[in-house]
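The block underneath contains the structure these notes are about, expressed in structure tokens.
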Amino acid sequence: MKRAQVPWANRREIGRFRGFWRTFTRVTFRPRVFARAVGQPVDLKEAKRFRRLVVIVLWLTLVVTAWGLSLPETLIDRLDDLDLIDDVYWDRIALGWRVALGAIASGLLVAWLYVCTGVHTYFFHPRARPVERQNRAVALSYYACAPLLWLPVAAGLLAVGLKLQLWSESYPGIFELELVGLIIALLSAAPLVLGVLEFWWVTSQLAVHAAGRGLGGRLAVMAVQPLVCLASVVVAGIVLPLCVAYAWLLLTSF
């Protein structure tokens, strides 16, 4: 049986990690070569599984980073400073309510990740192409989210940098430790920006070489994708506080 050109589809033969890693490197660094897979059958379910795994990795990275940086506690302190929340009432809230609020935030985060990693797929089925070619291009488009896996690298560098900053407070005489921590923390922005830009670039490359989009279609993908992602951030930034405020009013009305 002939192997598929997408390494992820051959993971049963080459191993799950190797298939995942090879797919990441091929999509990220050789998108034009990866686009040639459109000439063979591409399994849509396998593509969705790869995207789902990427979303899970990104979700875990964001959640662990948020808790590691004490962002939830910082939010509560900020609300307390604005007299929008009382520590006494917050301590009385049952654990179930806290879990519910966390579930709401996690659900919105997952929805946002799915929007960001899937909005470009609507540009991968031009009517001028045969239906079979459209289906293959759409399946390949789900792999375009691979460059976003640079995000865990950024989170790891940020964690190391902040940890060194904390250690420098315990050992104030070691100035180099604080400086190294600051440099590493600043360097964490590099893989983050790299991943976002590569995701944007790979999407446009696959739109041209897999879906056969022209200049207009390519520009449309490059323009719509970041706009939708930013708009979803705004929506999540409005919906989440409203949900938390509504839940808080219910809790304090008892």
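Here, residue 1 is the first one in the sequence, and each next residue gets the next number.
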Practice item. Please step through side chain to side chain contact (heavy atoms under 4.5 Å, CB included) for the pair Asn135 and Leu44, ending with a clear verdict. Key: CA-CA 8 Å; Asn135 294 335; Leu44 180 60; over 6 Å; no

Practice item. Establish whether Val224 and Trp200 are linked, either directly or via other cluster members, by ILVMFWY side-chain heavy-atom contacts under 4.5 Å. Key: no

Exercise for review: Using the rule that two of Ile, Leu, Val, Met, Phe, Trp, Tyr join whenever any of their side-chain heavy atoms come within less than 4.5 Å, decide whether Leu113 and Ile56 are in one cluster.
Suggested key: yes

**Study point:** Leu158 CG to Leu151 CG distance, which is reported to the nearest 0.5 Å
**Key:** 10.5 Å

Practice item. Measure the spacing between CH2 of Trp201 and CG of Leu194 and express it to the nearest 0.5 Å. Key: 14.0 Å

Review point. Can you check whether Val38's main-chain N or O pairs, donor with acceptor, with Arg133's side chain at less than 3.5 Å?
Key: no

Give the minimum heavy-atom separation between [X] and [Y], together with the two atoms involved.
{"X": "Gly19", "Y": "Thr23", "answer": "O-OG1, 2.7 Å"}
{"X": "Ile184", "Y": "Gly161", "answer": "CG2-N, 3.8 Å"}
{"X": "Arg22", "Y": "Thr25", "answer": "O-OG1, 2.9 Å"}
{"X": "Gln225", "Y": "His120", "answer": "NE2-ND1, 3.7 Å"}

Check your understanding: Among pairs that include at least one residue of residues 47-56, which meet side chain to side chain donor-acceptor pair (under 3.5 Å), considering only residues two or more places apart or in two chains?
Key ->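 Every pair satisfying side chain to side chain donor-acceptor pair (under 3.5 Å) with a residue in residues 47-56: Glu46-Arg49, Arg51-Thr117.
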
Report yes if the side chains of [X] and [Y] come closer than 4.5 Å at any heavy-atom pair, otherwise no.
{"X": "His209", "Y": "Pro31", "result": "no"}
{"X": "Val27", "Y": "Val202", "result": "yes"}
{"X": "Leu140", "Y": "Val6", "result": "yes"}

Check your understanding: For residues 24-64, which residue pairs qualify under ring pair (Phe, Tyr, Trp, His ring centres under 6.0 Å), counting only residues two or more places apart or in two chains?
Key ->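 Found Trp8-Phe50, Phe20-Phe50, Trp21-Phe24, Phe24-Trp150, Phe34-Tyr143, Phe50-Tyr143.
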
